[in-house]
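Working notes for the structure below.
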2 protein chains.
Amino acid sequence: MPTTALKLQTTDRVRGIAAALEEEIVLGWLMPRERLVEEDLAERLEVKRHVVREALAELERVGLIERVPNRGAFVKLLDPTEVRQIYSVREALETLAAEQIPMPAPARLLSQLEEIQGAHSAAVASGDARAAFRANMSFHEALFAACGNPHLVELIQAMAQKVHGARSITAASAEHLALARDEHLGMIEAIRAGDRPRLVALCRQHLGPSRDAYIAAVEPRFARSKSVGG
Amino acid sequence: MPTTALKLQTTDRVRGIAAALEEEIVLGWLMPRERLVEEDLAERLEVKRHVVREALAELERVGLIERVPNRGAFVKLLDPTEVRQIYSVREALETLAAEQIPMPAPARLLSQLEEIQGAHSAAVASGDARAAFRANMSFHEALFAACGNPHLVELIQAMAQKVHGARSITAASAEHLALARDEHLGMIEAIRAGDRPRLVALCRQHLGPSRDAYIAAVEPRFARSKSVGG
DNA sequence: GTCGCCATGATTGTCAACAATTCTGTTGAA
DNA sequence: TTCAACAGAATTGTTGACAATCATGGCGAC
């Protein structure tokens with residue numbers, strides 16, 4: 001039996017590797033267009049190549065990377081049009097979910113959100129981007145799970161995942177993290193006050209910054225490449 | 001070089017196998033709870049086991065089958081609660097898409113839908129369940145693609161896929177197929193007339209029958225198993 | 001007669017070697 | 001100098017064998 005990690009089931013290991021790669025993409029360690037070489041990843045993540053292979057297949061299905069036959073996998077570079085479309089769908093889905101959250105909300109939900117947000121705020125304060133990312137994910141999952149429809153939640157998460165590749169810009173930015181924290185706190189307050197319109201408005205607002213930051217950063221590059229002929 | 005089929009890229013082959021299995025599930029050849037043995041499938045579909053493995057992973061992701069480690073894959077049996085939740089999300093998504101279809105619709109769209117519906121009607125008339133299923137898929141894809149947001153379309157298709165396992169009841173029923181045909185024709189008419197409310201209403205209506213048929217067929221079984229203790 | 005334990009078989013999970021493909025750098029000629 | 005062809009390296013795709021795991025059925029103990 002290994003000392004540090006106990007043996008996981010294969011499916012879980014694949015999920016774990018996929019999640020690890022996803023984090024590296026979100027945090028900007030793996031940049032768009034960067035090539036993902038199976039054997040290198042296998043060595044770095046201390047796992048066999050075929051496990052990496054499966055993880056890459058999963059990330060491809062999710063839409064975070066692209067794979068071309070016999071040429072390998074690349075972190076997908078999202079073009080602004082795509083990002084806009086995805087965010088438009090996210091807005092619809094998250095609004096839909098927010099409108100179904102029971103009001104007044106059960107005390108259980110509030111305390112759960114507060115606990116998660118405590119972790120998030122701490123991560124933001126200490127500048128731990130990875131911890132902030134994870135806490136952020138937990139927050140949204142817990143929030144939307146309250147809508148009562150797990151399949152809707154799944155969709156929301158899937159769409160969020162799709163633009164993870166576009167989040168490296170904001171994921172490590174102190175200002176954006178602080179803004180996200182404040183908006184989370186606002187959502188908790190809105191739920192506590194039973195103010196659904198405010199909650200919905202906050203959810204919608206919450207999506208804007210990372211979308212706009214990415215588009216602002218990438219749009220000119222795309223506009224140029226399009227006119228030049230890429 | 002093989003005589004019948006030329007060599008495909010691996011990714012396409014996986015997709016093909018997954019699609020084939022999906023059809024078999026929809027058409028009721030593979031029943032819920034039925035076990036899917038990798039080696040058997042590999043032999044039957046004339047591919048190597050590891051291709052089947054990837055296809056199963058894809059179907060698991062989509063939600064059509066379940067896999068438990070070291071025990072294999074099973075066709076997922078959807079419980080009525082789940083089906084209701086999925087259909088509720090489908091209704092929201094398809095309504096959203098239908099509301100974004102440009103009106104008046106381009107002539108291109110109408111002729112495309114009419115062509116597809118021609119194939120669908122023919123399949124219904126001749127009782128070819130498989131062809132009807134395929135034409136039905138095409139129809140909805142073409143219809144919702146007109147909303148202009150490919151990511152929304154993808155979501156709609158994903159949710160439709162999730163309940164494919166619940167469709168074997170209606171997929172081969174002459175009455176249901178005829179009803180679907182008539183509703184499709186109604187949608188085309190609504191689009192031609194530029195009558196958006198009618199189109200939206202028809203889309204919503206269109207979801208009902210297969211959901212209700214499945215729930216009616218399965219609900220008592222679940223109610224019993226729940227009270228007995230499953 | 002029933003319960004629990006172990007041997008056996010069926011199936012999934014893991015692996016490393018091999019084959020096929022694409023990329024890179026070099027050479028030689030126009 | 002530029003271009004094309006070629007050889008070699010790097011990387012992905014494929015395969016069959018092997019190991020680990022779980023269900024099944026028989027055997028003995030109580």
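All values below were derived from every heavy atom in this structure, side-chain atoms included, with hydrogens, water molecules and symmetry-related copies excluded. Each chain gets a letter, A, B and so on, in the order its sequence line appears, and its residues count up from 1.
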Do B:R134 and B:E23 sit within salt-bridge range, that is, some charged N less than 4.0 Å from a carboxylate O? yes
Between D:dG13 and B:R13, counting only base atoms on the nucleotide and side-chain atoms on the residue, is there a donor-acceptor pair under 3.5 Å? no
Specify the separation, in whole Å, of atom NZ of B:K48 and atom P of D:dT14. 11 Å
Atom pair distance, as rounded to whole Å: CD in B:E60 and P in C:dT12: 13 Å
Return the value, rounded to whole Å, for the distance between atom CD of B:E43 and atom P of C:dT12. 14 Å
Tell me whether A:R53 is salt-bridged to B:E54, with the criterion being a basic N under 4.0 Å from an acidic carboxylate O. no
Quick one: is D:dT12 close enough that its OP1 or OP2 comes under 4.0 Å of any side-chain N or O from A:R49? no
Value in whole Å for how far the P atom of C:dT22 lies from CZ of A:F74: 13 Å
Rounded to whole Å, please give me the gap between CD in B:E54 and C1' in D:dT14. 11 Å
Protein-nucleic acid N or O pairs under 3.5 Å, nucleotides 9-11 of chain C:
unit_1, atom_1, unit_2, atom_2, d
C:dT11, O3', B:R35, NH2, 3.4

Show every donor-acceptor pair shorter than 3.5 Å between a side-chain atom in residues 149-158 of chain A and any protein atom, with sequence neighbours excluded, or say none if there are none.
unit_1, atom_1, unit_2, atom_2, d
A:N149, OD1, A:H151, N, 3.0
A:N149, OD1, A:L152, N, 3.4
A:N149, ND2, B:Q85, O, 3.1
A:H151, ND1, B:K162, NZ, 3.2
A:E154, OE1, B:K162, NZ, 3.1
A:E154, OE2, B:K162, NZ, 2.6
A:Q157, NE2, A:E141, OE1, 3.3

Take the angle between the ring planes of A:H184 and A:H206 and call it parallel below 30°, perpendicular above 60°, tilted in between. tilted
Can you tell me the distance, in whole Å, between the NE2 atom of A:H50 and the C1' atom of D:dG16? 14 Å
Could you list the residues that satisfy side-chain contact (heavy atoms from CB on, under 4.5 Å) with A:R35, not counting sequence neighbours? A:V37, A:F74
A:K76 bridged to A:E60 by N-O distance under 4.0 Å: no
